[in-house]
Amino acid sequence: MGEPHVVTLRATRDGDLDALFAFEQDEAAVRMAAFTPPDPSDRATFDAHWRRLLADPSVDARTVRADGEIVGSVARWYEDGTAEITTWIDPAQWNRHIATRAMRLFLDSLGERPVRARVAADNAASIAVLEKLGFEQVGTAVSYANARGTEIEERIYRLG
């Protein structure tokens, strides 16, 4: 698959949730993400989580589209007073540079720094995206990863 012509972001809406939920059903993606809900297939828990996000004015959640089609999400929330970001891209769209482009658009629109991101230490693709965007590793932690049923190392990254 070639690169998408246009990657855009818009505020996430209720109508996006079916697509976003479907992307999170891919077993390889769930394993790669590692830090997921205990049961990613539980739609009621997914919907409740998104209702909380969309109702919280301190959360900025956006839907990622490539060539007009929903392909994922990006979001910012605050943890211990520091902005933290996350992204989830449809595994069928991996290796098209969508995550990098979406995160760059998102970070440019936020304009706030510092921003922190956490990633499983063995998630090379997500690490590459963060480093391409200028994030630097500032630490590690060992945390329980529901998707793997064990504690794993996660890397903590910071942008400026």
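The model shown is predicted, which means the values in this text are computed figures rather than measured ones.
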Going from CZ on R101 to CG on L105, what distance comes out if it is rounded to the nearest 0.5 angstrom?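 Result: 8.5 Å between the selected atoms.
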Looking at CG of L54 and CG of D14, how far apart are the two atoms once the value is rounded to the nearest 0.5 Å?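 CG of D14 is found 6.5 Å from CG of L54.
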Please evaluate residues V64 and I70 with respect to the criterion side-chain contact (heavy atoms from CB on, under 4.5 Å), reporting the C-alpha separation (whole Å), side-chain torsions for both, the decisive distance (0.1 Å), and the verdict. CA-CA 6 Å; V64 178; I70 296 173; over 6 Å; no
Whether the side chain of Q25 engages the backbone of P40 through a donor-acceptor N/O pair (distance < 3.5 Å, no angle test) should be reported.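 Yes, the answer is positive, given that a donor and an acceptor are paired below the 3.5 Å cut-off.
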Kindly state each residue pair satisfying salt bridge (charged side-chain N to carboxylate O under 4.0 Å, His left out) with at least one member in [range], sequence neighbours excluded.
| range | answer |
| --- | --- |
| residues 39-49 | D18-R43, R43-D47 |
| residues 19-38 | none |
| residues 118-138 | E84-R118, R118-E154, D122-R148 |

Could you report the tightest heavy-atom contact between [X] and [Y], atom names first, then the distance?
| X | Y | result |
| --- | --- | --- |
| L20 | G72 | CD2-O, 3.4 Å |
| P91 | A29 | CG-CB, 3.6 Å |
| V59 | W77 | CG2-CB, 4.0 Å |
| T82 | P114 | CG2-O, 4.3 Å |
| R96 | D67 | NH2-OD2, 4.2 Å |
| A117 | L130 | CB-CD2, 3.8 Å |

Residue pair [X] / [Y], side-chain heavy-atom distance below 4.5 Å:
| X | Y | answer |
| --- | --- | --- |
| I89 | W94 | yes |
| Y157 | V115 | no |
| R62 | T87 | no |
| F135 | V129 | no |
| L133 | L159 | no |
| T86 | V74 | no |
| F106 | I85 | yes |

Under 4.5 Å between side-chain heavy atoms, hopping through other hydrophobics if needed: is there a path connecting L110 to L9?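 In one cluster: yes.
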Kindly work out whether a path of hydrophobic side-chain contacts (I/L/V/M/F/W/Y, heavy atoms less than 4.5 Å apart) joins I98 to M32. no
Run the ring pair (Phe, Tyr, Trp, His ring centres under 6.0 Å) test against F21 and tell me which residues pass, sequence neighbours left out.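 F21 satisfies ring pair (Phe, Tyr, Trp, His ring centres under 6.0 Å) with F46 only.
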With sequence neighbours excluded, tell me which residues meet side chain to side chain contact (heavy atoms under 4.5 Å, CB included) with T8. V6, R65
Applying side chain to side chain contact (heavy atoms under 4.5 Å, CB included), name anything that partners A121, two or more places apart in sequence or on another chain. E153, R155
Which hydrophobic side chains are connected to F35, either touching it within the sub-4.5 Å cutoff or through other members that do? I152
Full working for side-chain hydrogen bond (donor to acceptor under 3.5 Å, both in side chains) between T63 and D16: CA-CA 7 Å; T63 296; D16 300 340; 2.6 Å; yes
Around atom CD of E69, are there more than 12 heavy atoms from other residues, nucleotides or ligands closer than 6.0 Å? no
Once salt bridge (charged side-chain N to carboxylate O under 4.0 Å, His left out) is applied, do any residues pair with [X], and if so which ones, sequence neighbours excluded?
| X | value |
| --- | --- |
| D90 | none |
| D80 | none |
| R76 | E112 |
| R104 | none |

Evaluate V30 against N146 for side-chain contact (heavy atoms from CB on, under 4.5 Å), listing each step before the verdict. CA-CA 9 Å; V30 168; N146 286 318; over 6 Å; no
Given side-chain contact (heavy atoms from CB on, under 4.5 Å), test I156 with Q137 step by step and report yes or no. CA-CA 6 Å; I156 303 163; Q137 185 177 341; over 6 Å; no
By the side chain to side chain donor-acceptor pair (under 3.5 Å) test, which pairs, at least two apart or in different chains, include something from residues 48-58? D56-S58
